[in-house]
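As structure tokens, the structure follows; a few thoughts come after it.
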Amino acid sequence: MPESDAFLTERRDQLSANLERVRTRIAAAAQAAGRADRPELIVVTKFHPAGDVRLLAELGVTDVGENRDQEASAKAAELADLSLSWHFIGQLQTNKAKSVVRYADAVHSVDRTSLVSALAKAVEADPRRDGRPLDCLIQVNLAVHATTGRGGALPGEVDPLAELVESSPGLRLAGLMAVAPLGEDPAAAFARLAECAQELRNSHPRATMVSAGMSQDLEQAVAAGATHVRIGTDVLGPRPRVL
């Protein structure tokens, strides 16, 4: 067997084993939380090649997360033959909105009015979307202390942002996203997210998505009601060095 084929087989087996472990963790976390449902897995492929994403698709992965537009745009173009849902989960500059809406099915990092306006304008101007709305999640800053924040709108800013997304043609309010603050108990942070999510559902019943939990804290996120977890390292391994 040629070396390249041997490498692909080895990598596929590695990814398959990693996926099985992560899916088992998710199922166990859901059971421990007394949940009848199981959160969806978004595999974060930042810095990993498109070939890995293709292997993941062969292994049943349907949802892929990316943090950087330039990398995500190239991968989405290379893998256009696959039926994947692309989730943009990184901080997003307004001048990148036009590029992101070309491939993204969801943006998890909506955190300010100017970004909502830029995304709505970009969706409206892009004929390739053919009327397909862009799912928008409002990123919530869960930090108790300002120095531990990981970006996002403050809880008090969620409702007006939600109203703006809901009233913007081409955008669909999907729910909330958050990252556990640095140095804080993720369980307590995600409990605050659960409160924010319930408040959002009270006023916007269809905004049911809660994107939370990464490799190191998925159990706490699932216990707090996450509907989607974003896992990178535990599926793909350490990120390749970027020179």
Can any side-chain N or O of R25 pair as donor or acceptor with the backbone N or O of A29 at less than 3.5 Å? no

Return each pair, listed once, that meets ring pair (Phe, Tyr, Trp, His ring centres under 6.0 Å) where at least one residue sits in residues 214-239; pairs must be two or more places apart or across chains. none

Do other residues, nucleotides or ligands put more than 12 heavy atoms under 6.0 Å from the CD atom of Q93? no

Would you kindly say whether T227 and E40 are connected by a side-chain donor-acceptor distance under 3.5 Å? no

With salt bridge (Lys or Arg N to Asp or Glu O under 4.0 Å) as the test, would you mind laying out the steps for R54 and E58 before giving the verdict? CA-CA 6 Å; R54 189 171 292 279; E58 293 175 6; over 6 Å; no

Count the heavy atoms belonging to other residues, nucleotides or ligands that lie under 6.0 Å from NZ of K46, then report whether that count exceeds 12. yes

Is the backbone of P133 close enough, under 3.5 Å, to the side chain of R172 for a donor and an acceptor to pair up by distance? no

Sequence neighbours left out, what passes side-chain hydrogen bond (donor to acceptor under 3.5 Å, both in side chains) with R132? Give chain and number order. D105

Test: ring pair (Phe, Tyr, Trp, His ring centres under 6.0 Å). Region: residues 100-127. Which pairs qualify, not counting sequence neighbours? H87-H108

Where is the tightest heavy-atom contact between K96 and D69, given as atom of each residue plus distance? CD-OD2, 3.7 Å

V229 and A212: which non-hydrogen atoms are nearest, and at how many Å? CG1-O, 3.3 Å

For residues 113-143, which residue pairs qualify under ring pair (Phe, Tyr, Trp, His ring centres under 6.0 Å), counting only residues two or more places apart or in two chains? none

Audit row: R21, D234, salt bridge (Lys or Arg N to Asp or Glu O under 4.0 Å) steps and yes/no: CA-CA 8 Å; R21 281 192 290 269; D234 279 8; over 6 Å; no

More than 12 non-hydrogen atoms from neighbouring residues, nucleotides or ligands closer than 6.0 Å to CD on E124, yes or no? no

So, the side chain of R230 versus the backbone of V43: is there a donor-acceptor pair under 3.5 Å, distance only? no

In this structure, which one of I89, D63, I231 forms a side chain to side chain contact (heavy atoms under 4.5 Å, CB included) with V44? I89

Single hit among L164, V116, V123, L171 for side chain to side chain contact (heavy atoms under 4.5 Å, CB included) with C136: L171

Set out, in order, the CA-CA distance, both residues' side-chain angles and the distance that settles side-chain contact (heavy atoms from CB on, under 4.5 Å) for L193 and L176, then state yes or no. CA-CA 8 Å; L193 176 62; L176 299 180; 4.1 Å; yes

Which atoms form the tightest heavy-atom contact between H48 and P238, and what is the distance? CE1-O, 3.4 Å

Carefully, step by step, assess E157 and R112 under the rule side-chain contact (heavy atoms from CB on, under 4.5 Å). CA-CA 9 Å; E157 299 169 333; R112 59 199 187 280; over 6 Å; no

Donor-acceptor contact below 3.5 Å, side chain E71 vs main chain F47: yes

Which atom of S109 lies closest to which atom of F88, heavy atoms considered: OG-CD2, 4.1 Å

Does R35 reach the main-chain N or O of V222 with its side chain, forming a donor-acceptor pair under 3.5 Å? yes

Assess whether atom CD of Q198 is packed by more than 12 heavy atoms of other residues, nucleotides or ligands within 6.0 Å. yes

Which residues share a salt bridge (Lys or Arg N to Asp or Glu O under 4.0 Å) with R201, sequence neighbours left out: none

Can you check whether L79 reaches W86 side chain to side chain, under 4.5 Å on heavy atoms? yes

All heavy atoms of A194 vs all of A224, minimum pair found to be CB-O, 3.4 Å

Thinking salt bridges, do D126 and R102 make one under a 4.0 Å N-O criterion? no

Name all residues meeting the side-chain hydrogen bond (donor to acceptor under 3.5 Å, both in side chains) criterion together with R206; count only those two or more places apart in sequence or in a different chain, and write none if there are none. none

Would you mind reporting whether L119 and L134 have side-chain heavy atoms less than 4.5 Å apart? yes

